[in-house]
**Q** 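I'd like to ask you about the structure that follows.
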Amino acid sequence: MRKETSKPFYIPYMMMTTNPDVVITTCGRELDLSNTELVIERSNSLFSYNIHKLSSGEYIIAEKFYANPFNNRYILLNDEQIELLKNL
């Protein structure tokens, strides 16, 4: 009788290394936050709210939720949209 041997089961995508600074914005652009200027940084025990400025002059609002990282949002804004937000 042949004895079954168990082999470790690996899922390939879990073995890849990922860069946590590379994000995908709500409009679908992939951006690297490590090459940005941090303009505003706010956080509490539930989430962090940061604004990063890109070299192109655009801004990213990064909302990171500690309890559920699947709800993180990265919103890309330009100078005109930032000025509109200042007046709200």
Side-chain angles (χ1 to χ4, degrees):
M1 189 154 50
R2 194 174 135 210
K3 183 179 179 185
E4 290 287 325
T5 58
S6 63
K7 296 179 182 177
F9 179 74
Y10 296 106
I11 301 173
Y13 68 84
M14 293 181 74
M15 295 174 62
M16 294 187 310
T17 57
T18 59
N19 183 349
D21 289 330
V22 175
V23 300
I24 298 180
T25 65
T26 54
C27 64
R29 280 187 47 195
E30 185 176 295
L31 300 169
D32 186 357
L33 295 183
S34 66
N35 298 324
T36 63
E37 174 189 344
L38 184 61
V39 178
I40 295 175
E41 183 176 18
R42 302 280 187 269
S43 66
N44 60 31
S45 60
L46 300 175
F47 69 96
S48 69
Y49 173 88
N50 302 325
I51 297 179
H52 300 263
K53 184 175 183 180
L54 301 170
S55 59
S56 64
E58 297 169 306
Y59 293 85
I60 295 177
I61 298 174
E63 297 176 331
K64 296 182 181 182
F65 296 88
Y66 302 130
N68 188 353
F70 295 105
N71 287 338
N72 292 352
R73 291 190 297 177
Y74 304 94
I75 304 164
L76 185 65
L77 301 172
N78 59 30
D79 285 332
E80 294 167 1
Q81 292 167 321
I82 289 290
E83 289 301 320
L84 287 172
L85 286 175
K86 289 180 184 177
N87 295 323
L88 293 177

**Q** side-chain contact (heavy atoms from CB on, under 4.5 Å) with E30: which residues, sequence neighbours excluded?
**A**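 Per chain and number, E30 pairs via side-chain contact (heavy atoms from CB on, under 4.5 Å) with V22, I24.
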
**Q** Does any part of the side chain of N50, heavy atoms only, come nearer than 4.5 Å to the side chain of L33, both counted from C-beta?
**A**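 Heavy-atom side-chain distance check fails, nothing below 4.5 Å.
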
**Q** Considering residues at least two apart in sequence or located in another chain, which fulfil the side-chain hydrogen bond (donor to acceptor under 3.5 Å, both in side chains) criterion with S56?
**A**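 S56 satisfies side-chain hydrogen bond (donor to acceptor under 3.5 Å, both in side chains) with E58 once adjacent residues are dropped.
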
**Q** Quick one: pull up CG in L54 and CG in L76 and give me the separation to the nearest 0.5 Å.
**A**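 Output value for this atom pair is 6.5 Å.
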
**Q** Taking only residues two or more places apart in sequence, or in another chain, which ones meet E63 in a side-chain hydrogen bond (donor to acceptor under 3.5 Å, both in side chains)?
**A**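 Expected list: R73.
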
**Q** Just jot down the side-chain hydrogen bond (donor to acceptor under 3.5 Å, both in side chains) partners of T25, sequence neighbours excluded, or say none.
**A**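 Applying side-chain hydrogen bond (donor to acceptor under 3.5 Å, both in side chains) to T25 gives none.
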
**Q** What pairs meet the salt bridge (charged side-chain N to carboxylate O under 4.0 Å, His left out) rule with one or both residues in residues 33-57, with sequence neighbours excluded?
**A**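 Output for this query is empty, none listed.
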
**Q** State yes or no: do L31 and L38 share one hydrophobic cluster built from I, L, V, M, F, W and Y residues joined by side-chain heavy-atom distances below 4.5 Å, directly or via other members?
**A**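 Different clusters.
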
**Q** Are any non-hydrogen side-chain atoms of L77 and I51 less than 4.5 angstrom apart?
**A**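 With C-beta onward as the side chain, the pair stays apart.
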
**Q** Mind jotting down which residue pairs meet the ring pair (Phe, Tyr, Trp, His ring centres under 6.0 Å) criterion with at least one end in residues 31-80? Sequence neighbours excluded, please.
**A**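 Those involving residues 31-80 are F47-F65.
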
